[in-house]
Structure formats: C-alpha cells, structure tokens
Novice: 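Dumping the structure here so I can ask a few things about it.
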Amino acid sequence: MTTQLLCRVFWFPIGLFVSGCIPVLSWFLYSGHGGLAWLILPFCFPYIVLRLVLALWKQPAEQRRSGVKIAVTAILLYMLISYPMTRWTEHDVTSSIGLPIRPGILFKLSTFPVGYALPPYENTRGAEQP
C-alpha cells in the first residue's frame, strides 16, 4: 500500500468537504434544492472501503498483513479528520447559503452506514433552560 494509492483514494471525499467551504462552489454543491454533494456524500465511505479492499486483494500474500494495518489506520484517520471538516463545511454552508443543517448530519452522511450507528449529536448552545 503506497502513499500515492492512499492519496488517490482519499482525494475525492476530502475534496468534497473542502469544496463546501468555497463560497460559490458550495452554493451549487450543497444547495437546498438538490445539490450534487448531497447525493454523492453517502457513497464516499463505501467508495473508500471498496478501493482499499481491491488494493489489498491485488497485493501479494506476504504484504497483505501490513497493508491491512495501513488500510485500517487510513480509515480511522479519515473518520477522525472528516468530523472537524464536515462541521466546518456545515458552518460555512449554513452561514453563506442560509440552509439550516442539523449539526453532525454531514459527518453521518460522509461515514454512511457507520455514521448512522453513532448516537445523535445534540447542540445545547442557545437552547433555553427551564
């Protein structure tokens, strides 16, 4: 498993998060009337897993064990990095477009189906206390 392969696997999902922070581009990708990113985002995590499994399958048997360790580390790193990036994208889309997005929904979409097994993120800021 090479660094070049990992970059090719992860450039599109990470680029999709970053593109949500570019003002004019985010208006089209994350628009409320069916932006393309809302359709593509749930397929990012399965795409990553499939590409890594295919890369591991093509490796010789003696290199697979180290390749599995690298792939698992890369997936965990993706999940760790995608949370702040998706929260940043949510903030930018909400502030620039005005589209109300539930907190944490982009992270759940970017890690679909694993993200939906996580408990809901509740935002208590701004909520009135009884």
Side-chain angles (χ1 to χ4, degrees):
M1 188 101 26
T2 64
T3 307
Q4 184 181 13
L5 173 74
L6 291 174
C7 288
R8 281 187 300 188
V9 169
F10 287 100
W11 79 268
F12 183 72
I14 300 298
L16 195 60
F17 303 148
V18 173
S19 65
C21 301
I22 301 170
V24 176
L25 193 56
S26 70
W27 300 343
F28 296 107
L29 288 175
Y30 290 95
S31 65
H33 62 280
L36 191 58
W38 295 111
L39 298 172
I40 296 173
L41 204 54
F43 296 107
C44 286
F45 189 70
Y47 166 79
I48 289 170
V49 172
L50 183 66
R51 288 281 309 261
L52 292 176
V53 166
L54 289 175
L56 287 171
W57 188 35
K58 292 178 183 178
Q59 283 188 337
E62 57 273 355
Q63 293 179 353
R64 277 195 196 131
R65 178 169 264 194
S66 65
V68 168
K69 290 178 184 177
I70 292 170
V72 168
T73 304
I75 288 173
L76 291 175
L77 192 60
Y78 166 76
M79 294 186 81
L80 182 69
I81 289 173
S82 68
Y83 183 74
M85 290 183 76
T86 54
R87 296 291 292 165
W88 180 32
T89 302
E90 284 174 358
H91 172 72
D92 282 352
V93 167
T94 302
S95 64
S96 68
I97 300 174
L99 181 67
I101 300 174
R102 284 192 345 231
I105 195 69
L106 282 179
F107 177 71
K108 288 185 178 220
L109 285 174
S110 69
T111 57
F112 177 80
V114 177
Y116 279 94
L118 300 173
Y121 176 80
E122 297 296 329
N123 188 1
T124 57
R125 287 184 287 147
E128 293 184 27
Q129 299 296 328

Novice: Kindly give the heavy-atom pair with the smallest separation between Leu5 and Ala55, and that separation in Å.
Specialist: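 Scanning both residues completely, I find the closest heavy atoms to be CD2-CB, 3.4 Å.
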Novice: Would the distance check show the side chain of Glu90 and the main-chain N or O of Leu106 forming a donor-acceptor pair, the cut-off being under 3.5 Å?
Specialist: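 Yes, because the side chain of Glu90 sits within donor-acceptor range (under 3.5 Å) of the backbone of Leu106.
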Novice: For the residue pair Phe112 and Phe45, is the inter-centroid distance of their aromatic rings smaller than 6.0 Å?
Specialist: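 When the ring centroids of Phe112 and Phe45 are compared, they turn out to be at least 6.0 Å apart.
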Novice: Answer whether the closest heavy-atom distance between the side chains of Met79 and Ser110 falls below 4.5 Å.
Specialist: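 The answer is no, as the side chains (C-beta and beyond) never meet within the 4.5 Å cut-off.
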Novice: Which value, rounded to the nearest 0.5 Å, describes the distance between Leu39 atom CG and Leu29 atom CG?
Specialist: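 CG of Leu29 is found 10.5 Å from CG of Leu39.
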Novice: For the CD1 atom of Ile70 and the OG1 atom of Thr2, what is their distance to the nearest 0.5 Å?
Specialist: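 It comes to 9.0 Å.
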Novice: Could you pull out all residues at least two apart from Phe43 that satisfy ring pair (Phe, Tyr, Trp, His ring centres under 6.0 Å)?
Specialist: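 Checked Phe43 against ring pair (Phe, Tyr, Trp, His ring centres under 6.0 Å); zero matches.
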Novice: Kindly indicate, with the supporting measurements, whether the criterion side-chain contact (heavy atoms from CB on, under 4.5 Å) is fulfilled by Thr86 and Ile105.
Specialist: CA-CA 9 Å; Thr86 54; Ile105 195 69; over 6 Å; no
Novice: Measuring from atom CG of Leu36 to atom CG of Leu41, what distance do you get when rounded to the nearest 0.5 angstrom?
Specialist: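 Rounded to the nearest 0.5 Å, the CG-CG separation comes out at 10.5 Å.
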Novice: Treat each ILVMFWY residue as a node, draw an edge where side-chain heavy atoms are under 4.5 Å apart, and state whether Leu76 and Ile14 are in one component.
Specialist: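 As far as the 4.5 Å side-chain criterion goes, Ile14 and Leu76 are connected within one cluster.
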Novice: With clusters defined by side-chain heavy atoms of hydrophobic residues (ILVMFWY) lying less than 4.5 Å apart, directly or transitively, does Trp11 cluster with Leu50?
Specialist: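 They do not share one cluster, since no chain of ILVMFWY contacts under 4.5 Å joins Leu50 to Trp11.
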Novice: Is the number of heavy atoms from other residues, nucleotides or ligands within 6.0 Å of OH (Tyr116) greater than 12?
Specialist: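 Above 12, so yes.
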Novice: Of all heavy-atom pairs between Val68 and Leu56, which one has the smallest distance, and what is that distance?
Specialist: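 So the minimum-distance heavy-atom pair works out to N-CD2, 3.5 Å.
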Novice: Same cluster or not: are Leu25 and Trp88 linked, directly or through other Ile, Leu, Val, Met, Phe, Trp or Tyr residues, by side-chain heavy atoms under 4.5 angstrom apart?
Specialist: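 Shared cluster, no.
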Novice: As an exercise, state the distance from CD1 of Ile97 to OH of Tyr30, rounded to the nearest 0.5 Å.
Specialist: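 Between atom CD1 of Ile97 and atom OH of Tyr30 there are 10.0 Å.
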Novice: Assess whether side-chain contact (heavy atoms from CB on, under 4.5 Å) is satisfied between Phe12 and Ile40, documenting all intermediate values.
Specialist: CA-CA 10 Å; Phe12 183 72; Ile40 296 173; 3.5 Å; yes
Novice: Same cluster for Ile48 and Ile81 if Ile/Leu/Val/Met/Phe/Trp/Tyr side chains link at under 4.5 Å?
Specialist: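 As far as the 4.5 Å side-chain criterion goes, Ile81 and Ile48 are connected within one cluster.
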Novice: State, yes or no, whether a side-chain contact exists between Ser26 and Asp92 at a heavy-atom distance under 4.5 Å.
Specialist: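 They are not in contact (no side-chain heavy atoms under 4.5 Å apart), so the answer is no.
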Novice: Taking atom CZ of Arg65 as the centre, does the number of heavy atoms from other residues, nucleotides or ligands within less than 6.0 Å exceed 12?
Specialist: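 Count not over threshold, so no.
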Novice: Which pairs pass side chain to side chain donor-acceptor pair (under 3.5 Å) with one or both residues in residues 36-53, sequence neighbours excluded?
Specialist: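 Residue pairs passing side chain to side chain donor-acceptor pair (under 3.5 Å), neighbours aside: Tyr47-Arg51.
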Novice: State, with a plain yes or no, whether a side-chain heavy atom of Pro13 is found less than 4.5 Å away from one of Leu16.
Specialist: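 No. Closest side-chain heavy atoms not under 4.5 Å.
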Novice: Taking atom CE of Met85 and atom OG1 of Thr89, what is their separation to the nearest 0.5 Å?
Specialist: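 Between atom CE of Met85 and atom OG1 of Thr89 there are 6.5 Å.
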Novice: If hydrophobic clusters are built by linking Ile, Leu, Val, Met, Phe, Trp and Tyr wherever their side-chain heavy atoms come under 4.5 Å apart, do Leu54 and Val72 end up in the same one?
Specialist: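 In one cluster: no.
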Novice: Measuring from atom CD1 of Ile101 to atom CZ of Arg87, what distance do you get when rounded to the nearest 0.5 angstrom?
Specialist: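 Rounded to the nearest 0.5 Å, the CD1-CZ separation comes out at 10.0 Å.
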